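The chains referred to below are lettered A, B, ... by the order of the sequence lines, with proteins before strands, and numbering in each begins at 1. Not measured: the values here are computed from a predicted model.
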There are 2 protein chains.
Amino acid sequence: MKEEVIDMPCELREETGFAYTLSLVSGKYKMIILYSLTGATPVVRFNELKRRLGKISYRTLSLTLKELESDGLIIRKEYPQIPPKVEYSLSARGQSLLPVLDMMCEWGNVHSHDKLK
Amino acid sequence: MKEEVIDMPCELREETGFAYTLSLVSGKYKMIILYSLTGATPVVRFNELKRRLGKISYRTLSLTLKELESDGLIIRKEYPQIPPKVEYSLSARGQSLLPVLDMMCEWGNVHSHDKLK
DNA sequence: CAGTATCCCGTATGATACTG
DNA sequence: CAGTATCATACGGGATACTG
C-alpha cells in the first residue's frame with residue numbers, strides 16, 4: 001500500500017489519508033464489528049460477538065479482532081480465569097472513527113433506494 | 001451480501017446503509033477514481049485516468065469504471081469518432097458521495113500519525 | 001484511443017477439527 | 001470459552017497481447 005501512495009500523482013497526495021482510513025476499516029466485517037461495539041452493550045465477549053455477526057468463521061473473527069486491536073481501534077481485555085473470558089470494546093481511537101462510519105451509513109440509507117436507470 | 005444482511009441481528013439492521021455504501025466504494029481504486037474526477041479537471045479520458053492512477057492495469061480500470069458507471073456514480077460519455085474518445089465524470093450521485101470520502105480522508109490525515117503502543 | 005481476451009497469482013475468507 | 005491449526009476456495013487484481 002505504501003508504495004502505491006508514493007506512486008500517486010501530486011494532486012492526489014493530500015488525499016492519502018483516506019487510503020489509510022480505508023486500510024483500517026476494509027475487510028468484510030471490520031466496520032460492522034466496530035458498530036457491534038456501540039450502543040447498549042459496548043463490551044462484548046468473543047462468542048457473543050460471533051453470534052452477532054452471523055456467518056463469520058472463528059478464524060476470520062479472530063484474525064479481524066487482532067488487526068483491529070493492533071490498529072488501536074479496539075481493546076481486548078482478558079480475564080485470567082477458567083473458563084477464559086475476554087471482552088472487546090472500542091478504544092477512544094475507535095470511537096473517534098464512529099462519525100465517519102455514521103456518515104457512510106447515512107449516505108447508504110439515503111441512497112440505497114435511488115433508481116438507477 | 002443481501003443474505004448476510006438478512007442474517008444480521010435487529011440492532012444492526014439500521015446500519016446496513018454502510019454495507020451498501022461500502023459495496024459501492026470498496027475496491028482498490030474506486031475512491032481514488034472518484035477523487036480523480038474532482039478538482040480542476042473533472043472530466044477525464046480513459047488513458048489520462050490510467051496515467052493519473054499510476055499502476056492500475058487496463059483490465060482493472062476498465063472493470064472498475066464499468067462498476068462505477070452501473071452504480072450511477074460516474075458518467076461515461078462516448079464520442080463516436082476515430083480514434084475513439086471517451087470522457088468520464090462524476091454524476092450528481094457521485095458528487096453527493098464526496099463529503100463522505102472527504103471525511104474518511106480527513107480522519108486518516110489526522111490519525112495516521114497516532115502513536116500505537 | 002479505448003478498450004477486451006487470456007492467463008496467472010496472492011490474499012481474504014470459509015469449514016471444520018482440535019486445544020488449553 | 002476463546003481461540004488455533006489445517007486445508008480449501010473464491011475473487012480481486014496484475015501482465016501482456018490483441019482489436020475495432
Q. In Å, rounded to the nearest 0.5 Å, how long is the span from CD1 of Ile32(A) to CG of Leu53(A)?
A. 6.5 Å

Q) Rounded to the nearest 0.5 Å, how far apart are CZ of Arg93(A) and CH2 of Trp107(B)? A) 4.5 Å

Q.
Without decimals, in angstroms, what is the distance between Leu63(A) CG and dA5(D) P?
A. 10 Å

Q. Counting side-chain heavy atoms from CB outward, which of dA15(C), dC1(C), dG3(C) is closest to Ser62(B)?
A. dG3(C)

Q: Round to a whole Å and report the spacing from OH of Tyr58(B) to P of dG13(D).
A: 19 Å

Q. Is there side-chain contact between Leu65(B) and Leu49(B), with heavy atoms separated by less than 4.5 Å?
A. yes

Q | Residue Val86(B), side-chain heavy atoms: nucleotide from dG14(D), dG3(D), dG3(C) that is nearest | A | dG3(C)

Q.
Can you see if the side chain of Tyr29(A) gets near the phosphate of dG14(C) - specifically, an N or O under 4.0 Å from OP1 or OP2?
A. yes

Q.
Both Ser26(A) and Pro83(A) contact DNA chain C. Taking the nearest nucleotide for each, which residue is further toward the 5' end?
A. Ser26(A)

Q.
By the 4.0 Å heavy-atom rule, please label Tyr79(B) as base, sugar-phosphate, or nothing.
A. nothing

Q: Figure out the CG/P separation between Leu68(A) and dA12(C), and round it to whole Å.
A: 14 Å

Q | Nearest to side-chain heavy atoms of Thr60(A), which nucleotide of dG13(D), dT4(D), dG14(C) | A | dG14(C)

Q: For the side chain of Lys28(A), starting at C-beta, report the closest nucleotide among dT13(C), dC1(C), dT16(D).
A: dT13(C)

Q: Taking only the side-chain heavy atoms of Asn47(A) (C-beta and beyond), determine which of dG13(D), dA2(D), dG3(D) contains the nearest atom.
A: dA2(D)

Q: Give none if dG14(D) has no partner; otherwise give the nucleotide forming a Watson-Crick or G-U wobble pair with it, both distances under 3.5 Å.
A: dC7(C)

Q | Per Phe46(A) side chain, nearest of listed nucleotides dG3(D), dG14(C), dT4(C) | A | dG3(D)

Q.
Quick check for you: among dA17(C), dA2(C), dC1(D), whose closest atom lies nearest to any side-chain atom of Arg45(B)?
A. dA2(C)

Q) Is Lys66(A) touching bases, backbone alone, or none of the nucleic acid, heavy atoms closer than 4.0 Å? A) sugar-phosphate

Q: Go through dT4(C), dA2(C), dA17(C) for me and flag the one nearest to the Lys85(B) side chain.
A: dA2(C)

**Q.** Nearest-angstrom distance from the residue atom CD1 of Ile56(B) to C1' of dG3(C)
**A.** 13 Å

Q) Just by distance, with hydrogens left out, do Arg76(B) and Ser70(B) show a side-chain donor and acceptor under 3.5 Å apart? A) no

**Q.** Gap between atoms CD and P, on Glu67(B) and dG13(D) respectively (whole Å)
**A.** 8 Å

(Q) Would you say Arg59(B) and Thr64(B) are linked by a side-chain donor-acceptor pair, where the criterion is simply a distance under 3.5 Å? (A) no

Q: From the options dA2(D), dG13(D), dT13(C), select the nucleotide whose nearest atom is closest to the side chain of Arg76(A).
A: dA2(D)

Q. Just checking Arg59(A): base, sugar-phosphate only, or nothing, at a heavy-atom cut-off of under 4.0 Å?
A. base

Q.
Closest-nucleotide mapping onto DNA chain D: is Pro84(B) or Leu61(B) further toward the 5' terminus? I mean the 5' end.
A. Leu61(B)

(Q) Parallel, tilted or perpendicular, judged at 30° and 60°: which one describes the rings of Phe46(B) and Tyr88(B)? (A) tilted

Q. Roughly how many Å is it from NZ in Lys77(A) to P in dG3(D), rounded to a whole number?
A. 15 Å

Q) For the pair made of NZ in Lys55(B) and P in dT16(D), what is the distance, rounded to whole Å? A) 13 Å

Q. Is there a Watson-Crick or G-U wobble partner for dG20(D) with both distances under 3.5 Å, and if so, which one is it?
A. dC1(C)

Q.
Distance check needed: dA2(C) P versus Leu53(B) CG, whole Å only.
A. 14 Å

